[in-house]
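Below: the structure, in structure tokens.
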2 protein chains.
Amino acid sequence: MPDKSPGRPSESAVRAWVRLERAHRAALDAVEARLSKAGLPPLAWYDVLLELERAGKAGLRSFQLQAAMLFQQYNLSRLVDRMAAAGHVAKAPSPEDGRGLVLTITASGRALRRRMWPVYANAIEDAVGQHFSDAEARQLAGLLGRLYGEE
Amino acid sequence: MPDKSPGRPSESAVRAWVRLERAHRAALDAVEARLSKAGLPPLAWYDVLLELERAGKAGLRSFQLQAAMLFQQYNLSRLVDRMAAAGHVAKAPSPEDGRGLVLTITASGRALRRRMWPVYANAIEDAVGQHFSDAEARQLAGLLGRLYGEE
DNA sequence: CCTATATGGATGTAAATGCATCTATATGGA
DNA sequence: TCCATATAGATGCATTTACATCCATATAGG
């Protein structure tokens, strides 16, 4: 049992945090297992592809993608490398900023995202959707949104 | 926007899941950064120490700890190795099961947990507690609990 | 008993991550 | 213009994680 020495976090906050960890791990493991079993790349790839697909032809700068996904800079740099090597993402120098990089999704990337979605969707339903009514899911999303910029 | 091709996961479930990922990452990064800045080991160490401290002198079998933390088996095996090497955890063969391992916390482990808690507690408050009333935190915990065994 | 299978846990190897630092370009003063 | 500092992104190196197996003991069925 935590000491509660500084008295700072309420017991309920600690419980919420611990459950956030556990719930996240349980759901994530389930989702990743499904993707992996289907011979598909990890979840992070999907997120990148989706963001880039939404961005359209204009693409996104690395740092924008980074912010959208809450990824560490070095982490994203390497993830994008792998995806570019696999041909799903194209890297081009930014015309506006000599240091910058513009990322766009390729046709192969779009195809991959399309293949991933049904598997991912089923996994989300099983790991998350199943457990909540629509109203509850909304409520959960609302609460969780407070823990970060919300976009 | 997801295709919704199989129609299976409701839009609200997908949103809840995406926010669960983002919220978790945001909070986790904040907490880990605090621990690291204080020269303390990662969060997982705290969880192990806490579970073992709760288990008392009897300790826990590896697989019990594994289940409590939702850790992969090989992952926990190595984490425990590191903690044992650092002197915070003791490994002993199980008297009941020749394959088994009984894990207990050492005095140094207890001391470490005590040093970690104030830092961790503050981080939880800032990353999570701050954003919710007590009732909201309870509500969030309740919803999240449905996503796994709840213990 | 003896064999087949299951279970607890460890481990070799490859991949991903964290951390610190590096290079290159931008930008805001003096 | 020149310098100081900030920002975008990459990278070397150490640590951690994943995946696939492996070893040893347990357990069930014949």
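First the proteins, then the strands, lettered A, B, ... as listed; each starts at 1.
By the 4.0 Å N-to-carboxylate-O rule, B:R138 lies close enough to B:D134 to be salt-bridged with it.
The residue from B:R114, B:R113, B:R110 that alone fulfils the salt bridge (charged side-chain N to carboxylate O under 4.0 Å, His left out) condition with B:E53 is B:R113.
Look at CG on A:L103: it is 12 Å from C1' on D:dA8, rounded to the nearest Å. If you measure from atom CG of B:D81 to atom P of D:dT16, you get 12 Å, rounded to the nearest angstrom. Counting to the nearest Å, the C1' atom of C:dC19 and the NZ atom of B:K37 are 14 Å from each other. Here the P atom of nucleotide C:dA26 and the CZ atom of A:R61 are 10 Å apart, to the nearest Å. For the pair A:L101 CG and C:dA24 P, the interatomic distance rounds to 16 Å; values are reported in whole Å. Spacing between atom CZ of B:F71 and atom P of C:dA10 amounts to 14 Å, rounded to whole angstrom units. When rounded to the nearest whole Å, the span between CZ of B:R25 and P of C:dA16 equals 15 Å. As rounded to whole Å, 15 Å separates atom C1' of D:dA18 from atom CG of A:L35.
Map B:P42 and A:Y74 each onto its nearest nucleotide of DNA chain D; the residue landing nearer the 5' end is A:Y74. Nearest-nucleotide mapping onto DNA chain C: of A:L79 and A:E96, the residue sitting toward the 5' end is A:L79. Both A:Q64 and A:D29 sit near DNA chain D, but only A:Q64 has its closest nucleotide nearer the 5' end. Sequence order on DNA chain C of the closest nucleotides to B:L76 and A:W45 puts B:L76 first from the 5' end.
Between the side chain of B:Q72 and the base of D:dA18 there is no donor-acceptor pair of N/O atoms closer than 3.5 Å. Checked by distance alone, A:Q73 brings no side-chain donor or acceptor within 3.5 Å of a matching partner on the base of D:dA8. Between the side chain of A:R78 and the base of C:dG18 there is at least one donor-acceptor pair of N/O atoms closer than 3.5 Å.
Ring-plane geometry between A:Y120 and B:W17 is classed as perpendicular, the angle between the planes exceeding 60 degrees on a 0 to 90 degree scale with a lower cut at 30.
Within the 4.0 Å cut-off from OP1 or OP2 of C:dG9, not a single side-chain nitrogen or oxygen of B:K91 is found. Regarding contacts with the backbone of C:dG9, every side-chain N or O of B:S77 stays at 4.0 angstrom or more from both OP1 and OP2. A sub-4.0 Å separation between OP1 or OP2 of C:dA16 and a side-chain N or O of A:N75 is absent.
If you check D:dA10 for Watson-Crick or wobble pairing at under 3.5 angstrom, you find it paired to C:dT21. Pair assignment for D:dC22: C:dG9, on the basis of Watson-Crick or G-U wobble contacts that are both within less than 3.5 Å.
Taking only side-chain atoms of B:R99, from C-beta outward, the nucleotide of C:dA24, D:dA24, D:dT17 with the closest atom is D:dA24. Candidate nucleotides C:dA10, D:dG9, C:dT17 were compared by shortest atom distance to the side chain of A:R82, and C:dT17 ranks first.
Using a 4.5 Å heavy-atom threshold, the side chains of B:L50 and B:R54 count as touching. Two residues are said to be in side-chain contact when any heavy atoms from C-beta on lie closer than 4.5 Å; B:M69 and B:L65 meet this criterion.
In this structure, a donor-acceptor pair under 3.5 Å is present between the side chains of B:S108 and B:H88.
Residue-level contact check: B:S62 touches the backbone only, with heavy atoms under 4.0 Å from sugar-phosphate atoms and none from bases.
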